[in-house]
Each structure stands twice: as C-alpha cells, then as structure tokens.
Asker: 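I'd like to ask some things about the structure below.
Just so we're clear, the structure is a prediction, and the values are computed from it rather than from any experiment.
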Amino acid sequence: MSIDNQYINAESHKRWIEMLQRQLIRENPSALPNYGVDGIYGEETTDWVSRFQERKGLVVDGLTGPETLGRLRADIVQLPGTTGRGVEILQEDLLYFYIQQSAVDGVYGAGTEQGVRDFQFYNNLLVDGEAGPNTLYTFDELITTILSQRGDNGSLVRRIQQQLNEQESVEISIEVDGVYGAETEQAVENFQGVNEQYIDGIAGPITMNLLDIETVVLNDDQIEAFLQSQGYNLEVEEVTDEQVVSEYVDLLESNDVLRDNVSTSSKLSDKNLGLLLIKGDVIASGELYFLQAELNEDNNKKIFATFDDINLDRLIIGDIQGELYDSKIVIKTYDVDGNEVESVEDTFVELSNANVDFNLGLYEYATSVSVRDNSVTNPCTWLGGAAATIACGVSLIGTGIQPYLGVAVSFVCTTGFGSALQDECNS
C-alpha cells in the first residue's frame with residue numbers, strides 16, 4: 001500500500017504522524033511553530049492540516065486522508081537555492097541515511113544538492129539534485145520502514161550496514177553497498193546474538209532501534225521504583241507455588257469464553273505459564289493476579305487473564321495467524337461476563353514497533369525528557385499500551401523486550417481495578 005493511501009489521525013502510529021508533520025513543514029516552513037515534528041496529532045497539527053485544506057480547496061476537517069496526503073505530495077518541490085525549515089528537514093533526512101553534505105542550516109546549497117543527487121543515485125531515481133515528489137516520497141517511505149531483510153537494497157540498507165560497522169557490541173566490518181545479501185544478513189545475526197535477541201538476520205524494529213542506541217528498557221525494579229516515586233503503591237511478585245499456579249490455571253481452563261475459542265482438547269502449556277501477584281493500596285481488592293499462557297495444540301493462541309482474587313475479571317486471547325513478520329494477529333478482550341469489549345488486528349512487525357515506542361515512551365516519561373504536558377500526564381498513558389503488545393506474543397518472535405511489571409501494571413490501568421488509579425489512567 002502506498003504510504004499516502006491511508007488515514008492519519010491521533011490514533012495512528014507515531015512514524016506516520018511524523019511523516020505528515022514533515023510534509024506540512026516542507027509545504028509551508030511556517031507550519032507547526034510550537035511543537036514541530038513530535039509525532040503527536042494534537043491541536044497544532046489539526047489546525048495546520050485545516051489551513052492547508054482550506055488553501056487548496058479541500059474539505060476542511062483537520063483530518064488527513066489520501067486526498068490531503070496526495071495533494072501535499074504533489075505540491076512540494078524543494079529546489080537548489082531555497083531556504084527554510086523544510087530544507088532543514090531535507091538536510092536531516094540526508095544525514096539520517098549517512099549522506100555527507102553541508103551543515104543543517106536550512107540553505108539548499110551545493111552540498112545539499114549533491115547529497116540529494118547521491119540519494120537519488122542510491123535509490124534508482126532520476127538524478128537531478130531536485131527534491132521533488134518522487135524523491136521526497138522515497139525519503140518518507142524508507143524512513144517509515146520498520147523491517148529490512150535479505151533481498152532489499154537502497155539507502156535504508158546502506159544505513160543499516162553503516163550502523164553495523166559503527167556499533168561496538170560485536171566486531172563487524174562489512175561493505176556499505178546498499179545490498180542486503182548474505183554478508184549483511186550474517187552481520188545482523190551476529191549483532192542480534194550478542195544483544196540477546198532472536199537471531200533471524202532480519203532488521204526489524206528492535207534491531208533497528210538497538211543499532212540506533214535508542215531502545216531503552218526499564219527493568220522491573222526500575223519501573224516499580226518509578227511508580228512508587230509517583231505515589232503509586234504497587235508491588236509485583238512472581239508466584240512460584242505450583243499449587244497456587246495450578247488453581248488459577250484450572251480457573252482459566254474452566255472459563256466458557258476460553259473453551260469457546262479453542263479446540264476442546266487443548267490444554268494450557270506448563271512450559272509457558274507465568275503468574276504474577278500485584279499488590280497495592282490502589283487496587284480495590286488489595287491484590288490482583290495476572291496469568292499468561294499458551295496452548296499445547298493451538299500454539300497460535302496466546303492467553304492473558306487477570307483475576308480479582310479468585311474471580312476472572314478480564315481475558316485476552318491473541319490469535320497469531322502465521323509465522324511471518326507481516327502475519328496478521330487478532331487480539332480480542334473479554335470482560336467478566338464473557339462479552340467482547342475490544343478487538344484489535346495488527347501484525348507482528350507493527351506490534352513489535354509499538355513495543356519499542358512503549359519502552360521509549362516509558363523511559364522518556366520516567367526521565368522527564370521532552371514530555372508534553374498535554375499528552376503525557378501519568379505513567380498509565382504509556383503502560384496502558386503494553387497489554388496488547390505483549391498479548392500477541394511479540395516476545396516470542398525475538399524482541400527480547402517484555403516489561404513484565406509494565407504489562408502487569410497496564411492491566412491495572414486498563415481493566416478497571418482500583419478507582420484511584422483508574423481515575424489517573426483516565427485523566
């Protein structure tokens with residue numbers, strides 16, 4: 001699907017919102033003066049989309065669909081000799097792909113023109129030094145790509161190869177030729193191995209972000225300490241008593257919704273069970289049990305459940321419909337009465353990317369780095385997004401990132417346990 005044949009709104013993935021914001025600034029250097037390219041579809045972005053639509057005679061609704069994206073794409077041409085914030089973005093994009101040029105100064109000079117020519121050459125585009133619709137489209141397409149593998153070629157592969165050579169965790173020296181062949185695949189595998197990731201030679205969201213040295217994961221102790229520092233009295237401990245675990249497994253297996261969604265002969269796997277006990281004065285009952293499991297025979301089903309004491313409160317069933325990164329995953333959530341309250345469809349690679357965004361967002365919040373007051377008001381804003389990410393079994397395809405405590409707390413934020421914390425989650 002074309003990157004412009006979509007609808008972008010506040011619920012879209014961050015990278016698509018950023019792409020739209022870059023387009024707005026390219027088209028009008030005065031656009032988005034306060035927050036710029038921040039990945040948040042807030043009032044400022046809505047306002048500037050509306051202004052563009054009004055100027056171009058489009059339906060003015062502040063929403064971005066294929067018509068608005070297509071008109072933006074067609075109307076933007078950056079030429080040598082021009083200046084402004086749009087040129088700065090172009091220069092930053094060139095640096096993103098390790099293309100040397102002049103400083104990021106907003107001036108489309110000889111260095112920037114040569115950089116554009118290099119980018120065009122590397123990606124089999126018309127080499128004219130002008131950043132027109134096709135060239136800018138290719139920039140955006142590659143920047144928003146979250147998976148690269150053997151057989152790919154172009155500037156994104158060159159970037160990955162350059163980063164592999166520069167990283168320090170394992171010694172790698174490969175040719176930067178823009179071809180994702182056997183040598184690059186082996187280098188990615190070596191990098192994944194030393195970083196304790198699933199080894200498949202594919203540069204997905206986790207691998208790419210590790211190469212960027214951007215993926216920061218807070219461990220359980222750090223998350224717990226952070227929540228306590230914010231006034232949330234929560235403690236999480238793993239339940240190791242086999243009898244207690246067995247009791248909750250029996251409760252789950254006897255659930256009618258679960259029985260209706262799996263084959264009658266399937267049993268929960270004893271190799272993939274995990275039971276957590278969450279305690280704190282913000283939980284109405286005083287404690288909450290969180291169980292994750294998978295099925296022996298229906299091994300494409302991942303199960304997550306929360307129990308208020310011994311009563312099943314929320315059940316999530318993740319149905320993984322294939323083993324490829326682009327395979328569809330359907331996640332359905334049921335309440336205590338067996339009613340379906342939410343259904344989400346996505347893919348491994350998108351959920352893996354969402355997991356990266358979750359970890360980066362949580363770290364950003366915890367360290368108070370560039371937090372917008374009107375977008376992040378409490379930890380639940382970030383923790384709440386983890387449940388669906390983990391429910392699909394993302395960690396099973398090698399992300400190596402499973403913020404166990406974060407997932408558990410996200411259930412507190414999203415399933416109604418504890419009016420005090422729930423109010424915070426909804427603030």
Side-chain angles (χ1 to χ4, degrees), residues 1 3 15 91-101 111 114-127 134-217 322-327 347-357 359-360 394-401:
M1 180 183 75
I3 59 174
R15 68 186 189 279
Q91 293 169 329
E92 291 168 354
D93 290 348
L94 288 170
L95 290 177
Y96 179 84
F97 291 111
Y98 286 79
I99 295 176
Q100 298 301 314
Q101 36 111 37
Q114 184 58 52
V116 171
R117 287 179 177 275
D118 290 343
F119 179 83
Q120 292 168 331
F121 174 77
Y122 294 145
N123 296 282
N124 296 316
L125 300 170
L126 174 65
V127 179
N134 288 339
T135 297
L136 294 176
Y137 180 93
T138 304
F139 270 115
D140 288 342
E141 183 178 48
L142 295 178
I143 288 173
T144 55
T145 295
I146 54 178
L147 185 145
S148 185
Q149 57 191 323
R150 189 166 182 171
D152 292 344
N153 58 76
S155 286
L156 181 58
V157 177
R158 291 179 64 89
R159 171 178 164 81
I160 293 168
Q161 292 169 330
Q162 188 73 40
Q163 289 180 307
L164 287 166
N165 286 337
E166 290 183 353
Q167 54 77 40
E168 298 178 353
S169 57
V170 59
E171 185 175 348
I172 292 175
S173 179
I174 59 175
E175 182 181 0
V176 180
D177 59 3
V179 178
Y180 204 127
E183 184 184 33
T184 300
E185 184 177 58
Q186 182 61 58
V188 170
E189 291 180 355
N190 293 342
F191 176 76
Q192 291 170 330
V194 78
N195 284 280
E196 299 181 348
Q197 301 298 302
Y198 180 72
I199 300 174
D200 58 7
I202 298 173
I206 305 300
T207 298
M208 286 188 184
N209 277 273
L210 285 171
L211 285 169
D212 288 342
I213 320 178
E214 291 180 357
T215 296
V216 181
V217 184
E323 299 180 354
L324 301 177
Y325 275 88
D326 59 356
S327 295
T347 62
F348 270 135
V349 67
E350 288 291 358
L351 288 167
S352 181
N353 191 58
N355 199 14
V356 170
D357 286 343
N359 280 281
L360 293 175
V394 165
S395 63
L396 300 179
I397 63 165
T399 66
I401 294 177

Asker: Looking at Asp212 and Arg159, does any basic side-chain N land under 4.0 Å from a carboxylate oxygen?
Answerer: yes

Asker: Can you name the nearest heavy-atom pair linking Ala203 to Val188, along with the distance?
Answerer: N-CG1, 4.3 Å

Asker: What's the shortest heavy-atom distance between Asp326 and Thr347, and which atoms?
Answerer: O-CG2, 3.6 Å

Asker: Could you pull out all residues at least two apart from Glu92 that satisfy side-chain hydrogen bond (donor to acceptor under 3.5 Å, both in side chains)?
Answerer: none

Asker: Which residues pass the side-chain hydrogen bond (donor to acceptor under 3.5 Å, both in side chains) test with Asn123, not counting sequence neighbours?
Answerer: Ser155

Asker: Listed by chain and number, what are the side-chain hydrogen bond (donor to acceptor under 3.5 Å, both in side chains) partners of Thr138, not counting sequence neighbours?
Answerer: none

Asker: With sequence neighbours excluded, give me every ring pair (Phe, Tyr, Trp, His ring centres under 6.0 Å) pair touching residues 139-169.
Answerer: Phe119-Phe139

Asker: Identify the heavy atoms of Leu156 and Ser148 that sit nearest to each other, and give their distance.
Answerer: CD2-CB, 4.3 Å

Asker: Check whether any side-chain heavy atom of Asn134 lies under 4.5 Å from a side-chain heavy atom of Leu126, and answer yes or no.
Answerer: no

Asker: Regarding Gln186 and Asn190, is there a side-chain donor-to-acceptor distance under 3.5 Å anywhere?
Answerer: yes

Asker: Within a reach of under 6.0 Å around OH of Tyr96, are more than 12 heavy atoms found that belong to other residues, nucleotides or ligands?
Answerer: yes

Asker: Would a 4.5 Å heavy-atom cut-off, applied to side chains only, mark Tyr180 and Glu185 as touching?
Answerer: yes

Asker: Mind checking the CG-CG spacing from Asn353 to Leu147? Nearest 0.5 Å is all I need.
Answerer: 10.5 Å

Asker: Is it the case that the side chain of Asp140 and the backbone of Tyr137 share a donor-acceptor pair, with hydrogens and angles ignored and the cut-off at 3.5 Å?
Answerer: no

Asker: Determine whether Asp118 and Phe97 satisfy the following criterion, side chain to side chain contact (heavy atoms under 4.5 Å, CB included), listing intermediate values before the conclusion.
Answerer: CA-CA 10 Å; Asp118 290 343; Phe97 291 111; over 6 Å; no

Asker: Tabulate below the donor-acceptor pairs under 3.5 Å that side-chain atoms of residues 169-176 make, not counting sequence neighbours, or state none.
Answerer:
residue: Ser169; atom: OG; partner: Gln167; partner atom: OE1; Å: 2.7
residue: Ser169; atom: OG; partner: Asn195; partner atom: ND2; Å: 3.4

Asker: Any side-chain heavy-atom pair from Gln163 and Phe191 closer than 4.5 angstrom?
Answerer: no

Asker: Looking only at side-chain N and O atoms, does Thr207 offer a donor or acceptor that is under 3.5 Å from a partner on Gln197?
Answerer: no

Asker: Quick one: list whatever passes side-chain hydrogen bond (donor to acceptor under 3.5 Å, both in side chains) with Glu350, sequence neighbours left out.
Answerer: His13, Arg15

Asker: Could you report the tightest heavy-atom contact between Ile202 and Asp200, atom names first, then the distance?
Answerer: N-OD1, 3.0 Å

